[in-house]
Amino acid sequence: KPGPSSYVDVHGRAALNFQISVTRYAIAVGALSFVLVGLLLIPVLAGFHIVLMIVASVRASQGEPYRYPLTIRLL
């Protein structure tokens, strides 16, 4: 069974990768807002971000691993 340090490391890396991915998606949506398509995607991205952060927080508090969808794994 992994110890608390590896547990925190796994969730920390997953969360950081998710935040980096969402930042990249936000930059793309910002660029698309000049073509007006991005204005429709801003609330979608914000909702996606908030919902997945809540789901991951609940899973982590229950001691379950969570893999964020659409996340680019850099770390």
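For the single chain, residues carry numbers from 1 onward in sequence order. What you see is a predicted model; the values in this text were computed from it and never measured.
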Do any pairs count as a salt bridge (Lys or Arg N to Asp or Glu O under 4.0 Å) and have a residue in [range], sequence neighbours left out, and if so which ones?
range: residues 11-21; result: Asp9-Arg13
range: residues 32-46; result: none
range: residues 25-39; result: none

Verify same cluster id: [X], [Y] (apolar side-chain graph, 4.5 Å):
X: Phe48; Y: Ile50; answer: no
X: Val22; Y: Leu74; answer: yes
X: Ile20; Y: Val10; answer: no

Sequence neighbours excluded, which residues qualify as salt bridge (charged side-chain N to carboxylate O under 4.0 Å, His left out) partners of Arg73? none
Identified side chain to side chain contact (heavy atoms under 4.5 Å, CB included) counterpart of Ile42 within the set Val44, Leu39, Leu40: Leu39
Expected list for residues 23-34: side-chain donor-acceptor pairs under 3.5 angstrom, two or more places apart:
from	atom 1	to	atom 2	distance (Å)
Thr23	OG1	Gln19	O	2.8
Tyr25	OH	Leu70	O	2.5
Ser33	OG	Gly30	O	2.5

Mind listing the side-chain donor-acceptor pairs of residues 54-67 below 3.5 Å, one per line with the distance, residues two or more places apart or on another chain?
from	atom 1	to	atom 2	distance (Å)
Ser57	OG	Met53	O	2.8
Ser61	OG	Ser57	O	3.4
Ser61	OG	Val58	O	2.8

Has Ser21 got a side-chain atom pairing as donor or acceptor with Ile72's backbone, closer than 3.5 angstrom? yes
Phe18 vs Tyr68 aromatic rings, parallel, tilted or perpendicular, using cut-offs 30° and 60°? parallel
